[in-house]
Amino acid sequence: MVKEASQREPRMPAILLRLHFHDCFVQGCDGSILIDNVKEAERNAFGHEGLGGFAEIQTAKTQLEVQCPGVVSCADIIALAARDAVVMAGGESYEVETGRRDGRVSDLSFASKMPDVDDSIEVLKEKFKTKGFTEKDLVILSGAHTIGTTACFFMSKRLYNFTGKSDADPSINPKFLPELRSKCPKNGDVNVRISLDNLSETKFDDQIMHNIKNGFAVIASDARLYDDNITRAVVDSYLEITEKLNPNSSSFGTDFGLAMVKLGRLEVKTGLLGEIRKVCNSFNKM
């Protein structure tokens with residue numbers, strides 16, 4: 001499914017990877033992000049703006065139900081699809097733990113603590129800490145922005161009103177600012193999409209770390225990783241590996257796989273705490 005979808009839509013690996021993160025960060029990895037037939041569904045929360053991949057997950061579910069009905073949860077499918085998405089984009093493979101059950105609650109109010117593009121580094125660190133993540137995990141999982149795009153909708157404050165004085169984020173490299181403003185002009189179409197990593201949008205690599213250090217990060221939350229001593233040191237550590245200054249350290253690709261396994265363990269439902277949905281966008285009838 002991931003392969004076919006990625007051939008049809010080059011952005012699909014990034015879309016499926018983001019879907020897994022957004023599912024897990026709210027109520028754990030339980031497939032609640034997929035539900036669309038309740039009044040205040042989680043997926044309609046502002047923090048989930050622009051999410052996709054729902055139809056692709058259901059396509060995989062439909063095929064699995066033919067092969068082994070009632071066995072594989074939608075939550076597991078999301079986790080597996082995210083791994084395959086990383087591989088399709090040229091990243092390293094990693095073993096995905098399975099056995100999650102699908103949650104029985106989907107409520108947009110639970111998504112209020114999603115990381116926001118304009119959060120300060122202190123707020124980002126706190127939001128990740130409450131989920132059991134370290135500063136290193138924050139940097140690594142943000143590194144998912146090595147692939148995919150964002151909408152100009154998320155760029156307005158950073159480019160035109162960073163401190164409320166019609167200014168731009170000073171961390172943007174002066175050579176890069178005109179390019180970003182030309183792609184996302186003031187009062188322009190907020191739905192225009194731009195690459196999160198200008199140099200290798202469809203390739204899963206560590207280029208995003210170079211971008212963050214050099215002022216070429218596209219979204220504000222990525223740039224903020226260089227505002228803090230701890231997260232800055234993590235970013236620099238991957239650049240040292242690339243430059244062979246620290247050849248004994250593990251690579252970004254390897255560490256990303258480990259962080260994704262950790263993400264996939266968030267508040268997992270097992271046994272009677274969940275269900276195996278028949279279709280991914282609707283709870284089973286009790």
Side-chain angles (χ1 to χ4, degrees), residues 1-2 5 11-38 40-62 64 72-86 88-89 94 96-117 127-128 130-133 137-138 140-145 147-148 150 221 256-270 273-284:
M1 179 279 293
V2 175
R11 288 175 49 229
M12 191 53 65
I15 289 169
L16 292 171
L17 185 53
R18 185 176 181 228
L19 185 65
H20 182 42
F21 177 82
H22 281 247
D23 182 41
C24 292
F25 217 84
V26 181
Q27 302 185 83
C29 310
D30 66 351
S32 56
I33 192 71
L34 303 172
I35 296 295
D36 69 358
N37 68 335
V38 295
E40 299 285 323
E42 177 192 316
R43 72 196 261 179
N44 297 327
F46 178 77
H48 296 320
E49 197 79 24
L51 276 184
F54 304 108
E56 285 71 23
I57 298 300
Q58 182 55 47
T59 295
K61 175 65 172 174
T62 301
L64 278 163
V72 186
S73 68
C74 299
D76 273 354
I77 295 171
I78 296 174
L80 290 160
R83 186 272 313 277
D84 292 349
V86 170
M88 283 300 301
Y94 55 90
V96 177
E97 296 172 327
T98 53
R100 301 168 190 80
R101 291 175 80 84
D102 297 317
R104 295 194 180 98
V105 177
S106 179
D107 189 326
L108 64 79
S109 67
F110 294 134
S112 61
K113 297 294 195 313
M114 277 297 300
D116 185 82
V117 69
K127 284 182 176 179
F128 274 74
T130 59
K131 296 294 181 181
F133 291 121
D137 295 326
L138 165 59
I140 294 168
L141 291 171
S142 298
H145 296 151
I147 56 174
T150 189
S221 55
F256 187 81
L258 294 172
M260 287 296 285
V261 172
K262 186 174 179 179
L263 172 70
R265 291 174 176 165
L266 271 185
E267 302 167 52
V268 165
K269 316 290 188 293
T270 56
L273 294 176
E275 63 185 17
I276 305 292
R277 273 184 228 141
K278 294 182 176 66
V279 292
C280 286
N281 67 337
S282 177
F283 299 122
N284 291 345

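It should be emphasised that the depicted structure is a prediction, and the values quoted were computed from it without experimental measurement.
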Exercise for review: For side-chain contact (heavy atoms from CB on, under 4.5 Å), just list the numbers for Asp36 and Arg43, CA-CA rounded to whole Å, side-chain angles, deciding distance to a tenth of an Å, and then say yes or no.
Suggested key: CA-CA 7 Å; Asp36 69 358; Arg43 72 196 261 179; 3.4 Å; yes
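- With contacts defined as side-chain heavy-atom distances shorter than 4.5 Å, the pair Leu34/Ile78 qualifies.
- Legend: residues meeting salt bridge (charged side-chain N to carboxylate O under 4.0 Å, His left out) with Glu97, ordered by chain and number and at least two apart, are Arg265.
- For the pair Asp116 and Lys127, the tightest heavy-atom approach, listed with the atom from each and the gap, is N-NZ, 3.9 Å.
- We find the CG-NE2 distance between Leu17 and His22 to be 10.0 Å, quoted to the nearest 0.5 Å.
- Remark: the backbone N or O of Ser32 is not paired with any side-chain donor or acceptor of Gln27 at under 3.5 angstrom.
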Point to revise | side-chain contact (heavy atoms from CB on, under 4.5 Å) between Met12 and Met88, intermediate numbers included | key: CA-CA 10 Å; Met12 191 53 65; Met88 283 300 301; over 6 Å; no
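- The distance from atom CG of Asp23 to atom NE2 of His48, rounded to the nearest 0.5 Å, is 8.5 Å.
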Practice item. Give the intermediate values and the outcome of side-chain contact (heavy atoms from CB on, under 4.5 Å) for residues Val86 and Arg83. Key: CA-CA 5 Å; Val86 170; Arg83 186 272 313 277; 5.8 Å; no
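- Distance check, rounded to the nearest 0.5 Å: CG of Asp107 to CD of Glu40 gives 7.0 Å.
- Phe283 and Arg104 make their closest contact through CE2-C, 3.3 Å (heavy atoms, listed as atom of the first residue, atom of the second, distance).
- In this structure a side-chain-to-backbone donor-acceptor pair under 3.5 Å is missing from Asp137 to Ala259.
- With rounding to the nearest 0.5 angstrom, the CD atom of Glu42 is 7.0 Å from the CG atom of Asp30.
- Among residue pairs with one or both ends in residues 12-22, none qualify as salt bridge (charged side-chain N to carboxylate O under 4.0 Å, His left out); sequence neighbours excluded.
- Shown here for Ala85 and Leu16, the closest heavy-atom pair between the two residues is CB-CB, 4.1 Å.
- Lys113 places none of its side-chain heavy atoms less than 4.5 Å from the side chain of Val26.
- In terms of the side chain to side chain contact (heavy atoms under 4.5 Å, CB included) criterion, residue partners of Val117 (sequence neighbours excluded) are, by chain and number, Phe154, Ile219, Ser221.
- To the nearest 0.5 angstrom, Leu273 atom CG is 12.5 Å from Asp102 atom CG.
- The two residues Tyr94 and Ala82 have their closest heavy-atom pair at OH-C, 4.0 Å.
- By the 6.0 Å contact criterion, NZ on Lys278 is open, its count of non-hydrogen atoms from other residues, nucleotides or ligands being 12 or less.
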Under 3.5 Å, side-chain donor or acceptor atoms of residues 54-62 against the rest of the protein: list the pairs with distances, not counting sequence neighbours.
unit_1, atom_1, unit_2, atom_2, d
Glu56, OE2, Arg8, NH2, 3.0
Gln58, OE1, Cys280, N, 2.7
Gln58, NE2, Thr62, OG1, 3.1
Thr59, OG1, Ala55, O, 3.0
Lys61, NZ, Glu65, OE2, 2.8
Lys61, NZ, Val72, O, 2.8
Lys61, NZ, Arg277, O, 2.8
Thr62, OG1, Gln58, O, 2.9

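- Residues that satisfy the side chain to side chain contact (heavy atoms under 4.5 Å, CB included) test with Asp84, not counting sequence neighbours, are Val2.
- Across all non-hydrogen atoms, the minimal contact from Ser73 to Ile276 is CB-CD1, 3.8 Å.
- Taking Leu266 as the reference, Cys24, Cys29, Lys131, Phe133, Leu263 meet the side chain to side chain contact (heavy atoms under 4.5 Å, CB included) condition, with sequence neighbours excluded.
- Ring-centre distance between Phe128 and Phe25: below the 6.0 Å cut-off.
- Here Ile33 contributes atom CD1 and Leu19 contributes atom CG; the two are 6.5 Å apart, rounded to the nearest 0.5 Å.
- Asn37 and Ser282 are linked by a side-chain donor-acceptor pair at a separation below 3.5 angstrom, with hydrogens and angles left out of the test.
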